[in-house]
There are 2 protein chains.
Amino acid sequence: MPAAARPATDSRHPEIPAKRRAGRPSSAVLDQAVITSAALRLIGKSGYDGLTMAALARSLQVAPSALYNHVTSKRDVLVLVEDHLASLVDVSAFGTEPWDEAVRQWAWSYRDVFSKHTPLIPVIAVLPVTDAPQTLAMYETVSQGLREAGFPQERIVSSIVALESFIFGSAYDVTAPADIFDPGSMAESTPNFTAAVRSLAEQGHERPADVAFSLGLEALISGLGALRK
Amino acid sequence: MPAAARPATDSRHPEIPAKRRAGRPSSAVLDQAVITSAALRLIGKSGYDGLTMAALARSLQVAPSALYNHVTSKRDVLVLVEDHLASLVDVSAFGTEPWDEAVRQWAWSYRDVFSKHTPLIPVIAVLPVTDAPQTLAMYETVSQGLREAGFPQERIVSSIVALESFIFGSAYDVTAPADIFDPGSMAESTPNFTAAVRSLAEQGHERPADVAFSLGLEALISGLGALRK
DNA sequence: TTCCTAAATGAATGGCATTCATTTAGTGGT
DNA sequence: ACCACTAAATGAATGCCATTCATTTAGGAA
């Protein structure tokens with residue numbers, strides 16, 4: 001009795017998502033791109049605490065184990081997300097602006113993108129570039145920019161690493177609570193630090209993290225620039 | 001029959017640690033210092049993956065729930081460890097050396113200590129200084145050093161934050177695999193980056209992370225120094 | 001047709017941080 | 001000397017987590 005068979009998609013109850021029956025579906029539901037964008041949506045809504053394999057599967061209306069046909073681990077998902085974010089970093093100034101201005105724009109953009117994704121930093125920091133093509137493309141653009149600016153070949157990678165280390169650390173700093181440096185009851189025992197914190201506060205900057213980032217970035221740019229050919 | 005009662009410490013089976021019976025023991029087994037040093041020992045032996053509340057409890061011969069009488073969460077344990085490590089950072093050059101040399105020694109020491117403890121970096125980065133007295137003491141020493149060197153009051157905290165951001169990022173870099181930048185099969189599509197990686201490799205440095213750290217640190221020191229009164 | 005492989009389900013596993021009821025020991029007040 | 005209170009331990013339970021495995025189904029190659 002074929003007429004009695006329940007179709008794979010049953011539209012009589014649109015609220016309750018139609019259960020897929022076991023077995024390979026006629027057309028694939030998942031691939032890495034779909035997983036990546038679902039992960040990004042989930043992170044946007046619930047943060048990295050909300051990014052669990054179960055929640056990711058639920059948002060894709062799929063069983064958790066189905067994800068493992070396309071990624072080998074949760075870390076794999078994080079790598080996919082990381083590489084997507086790398087493609088959002090603005091490298092457009094390389095080739096149109098002087099090298100120092102290009103580095104400046106790249107660095108601010110890089111920090112801004114990853115300050116909303118600090119849980120990825122431990123992943124990127126040890127990730128072989130082979131596993132992250134967009135990230136590699138970013139390095140290529142920056143390398144070309146520095147070479148054309150006259151950076152000695154053997155110092156290009158070290159310069160990028162130094163800038164990147166500063167950027168990653170600064171991305172964390174953006175997420176710090178505003179009163180992180182309030183010495184509270186220990187103020188009397190730390191007069192120099194307490195005075196320095198007060199003095200900065202009196203400047204009334206909206207975003208102290210930006211002040212520190214600008215200070216360090218400009219120091220790095222001029223220091224690295226001094227070593228060109 | 002009091003003679004039949006099993007004493008709290010039964011030495012007849014020294015291999016099998018005597019089970020404590022339920023209830024408050026005559027003298028306290030745990031405190032924060034004991035927990036901190038057990039955590040450090042465990043991290044040294046099994047790394048941060050091995051640092052679980054259950055393993056920590058086991059190493060102290062205590063039930064996991066007993067830990068919660070002294071810390072409110074696992075994060076609390078990490079904070080205790082972090083603050084202990086801060087006390088190991090060498091700030092001795094402040095007061096005896098010129099400011100730039102003092103910063104140099106401090107920064108290298110700070111990076112070296114935390115490169116073995118990168119999982120703490122996300123914790124420190126957002127940790128109110130009130131919760132970490134040793135860390136605060138370190139800031140005090142550095143602040144005094146910079147003030148005496150003629151740094152303008154309102155730029156001291158930003159300078160420390162910039163240096164610290166670079167140090168944290170560089171600590172991750174130390175842990176990266178040696179071949180992290182090998183572009184593998186994508187070498188042809190990234191000629192500039194590939195050439196730069198090769199060129200650095202040809203220099204034959206033992207620790208490329210040290211080269212990048214030195215480069216960035218010297219740039220920061222001279223850049224920050226240029227802004228003194 | 002017949003295999004092989006890809007891609008889904010659903011059930012299970014073991015580990016994790018944390019909570020709670022319970023037990024016991026010391027302490028401060030009357 | 002008693003009594004109430006609090007501190008510090010046990011042990012059982014909770015709920016969540018990533019991951020694995022047996023099973024089912026579909027499509028494509030031989």
Side-chain angles (χ1 to χ4, degrees), chain A residues 2 5-10 16-35 38-39 42-43 46-81 119 122-123, chain B residues 2 5-10 16-35 38-39 42-43 46-81 119 122-123:
Chain A
R6 189 171 174 272
T9 50
D10 185 335
I16 299 152
K19 278 256 163 59
R20 216 184 335 272
R21 51 191 229 289
R24 183 184 189 178
S26 313
S27 79
V29 179
L30 297 179
D31 61 25
Q32 293 197 331
V34 167
I35 292 174
L42 194 51
I43 290 161
S46 330
Y48 279 85
D49 284 349
L51 180 64
T52 67
M53 296 301 271
L56 187 53
R58 199 178 322 124
S59 81
L60 289 162
Q61 309 202 133
V62 137
S65 53
L67 296 169
Y68 290 86
N69 289 317
H70 304 269
V71 296
T72 70
S73 65
K74 180 175 179 179
R75 180 169 195 278
D76 237 56
V77 175
L78 295 179
V79 170
L80 290 173
V81 170
V123 175
Chain B
R6 189 170 174 273
T9 50
D10 184 332
I16 300 152
K19 278 256 163 61
R20 218 183 333 271
R21 48 190 232 289
R24 182 184 189 177
S26 314
S27 79
V29 178
L30 298 178
D31 61 25
Q32 293 197 331
V34 166
I35 291 174
L42 193 51
I43 290 162
S46 329
Y48 279 85
D49 283 351
L51 180 64
T52 67
M53 295 302 272
L56 187 53
R58 200 176 322 124
S59 82
L60 288 162
Q61 309 200 135
V62 138
S65 54
L67 296 169
Y68 289 87
N69 289 318
H70 304 270
V71 296
T72 70
S73 64
K74 181 176 178 178
R75 179 169 196 279
D76 237 57
V77 175
L78 296 178
V79 169
L80 290 173
V81 171
V123 175

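Shortest non-hydrogen contact noted between G50(A) and A55(A) is O-CB, 3.5 Å. Across every non-hydrogen atom of S73(A) and Y68(A), the tightest pair is CA-CE2, 4.1 Å.
The side chain of Y68(A) has dT20(D) as its nearest neighbour among dT20(D), dA12(D), dA9(D). Closest approach to the M53(B) side chain among dT9(C), dT18(C), dG11(D) is made by dT18(C) (side chain taken as heavy atoms from C-beta onward). With dA18(D), dA17(C), dT9(C) as the candidates, the nucleotide lying closest to the side chain of A63(A) is dT9(C). For S73(B), the listed nucleotide lying nearest its side chain is dT18(C); candidates were dT9(C), dT19(D), dT18(C). Checking dT9(C), dA18(D), dA26(D) against the side-chain heavy atoms of K74(A) singles out dA18(D) as nearest.
Put simply, CZ on R75(B) is 11 Å from P on dT18(C), counting in whole angstrom units. With rounding to whole Å, L30(B) atom CG is found 12 Å from dT10(D) atom C1'. Per the geometry, CG belonging to L60(A) stands 15 Å off C1' belonging to dT9(C), to the nearest Å. The nearest whole Å value for the distance from the CG atom in L67(B) to the C1' atom in dA7(D) is 15 Å. For the pair R58(A) CZ and dT9(C) P, the computed distance is 14 Å after rounding to whole Å. The separation between Y48(B) atom OH and dC16(C) atom P is 17 Å, rounded to whole Å. Rounding to whole angstrom units, CD1 of residue I35(A) and P of dA8(C) are separated by 8 Å.
Here the side chains of V62(A) and R20(A) are in contact, with some heavy-atom distance below 4.5 Å.
Mapped onto DNA chain C by nearest heavy atom, L51(B) and S27(B) fall at different nucleotides, with L51(B) at the one closer to the 5' end.
One finds no side-chain N or O of H70(B) lying less than 4.0 angstrom from the OP1 or OP2 phosphate oxygen of dA7(D). Distances shorter than 4.0 Å separate none of the side-chain N or O atoms of R24(A) from OP1 or OP2 on dA6(C). Here R20(A) does not reach the OP1 or OP2 of dT25(D): none of its side-chain N or O atoms lies under 4.0 Å away.
Between the side chain of Q32(B) and the backbone N or O of V71(B) there is no donor-acceptor pair closer than 3.5 Å.
Atom CG in L42(B) sits 5.5 Å away from atom CG in L51(B) (nearest 0.5 Å).
A donor N or O paired with an acceptor N or O is found under 3.5 Å between the base of dA8(C) and the side-chain atoms of N69(A). Between the side chain of T52(B) and the base of dG15(C) there is no donor-acceptor pair of N/O atoms closer than 3.5 Å.
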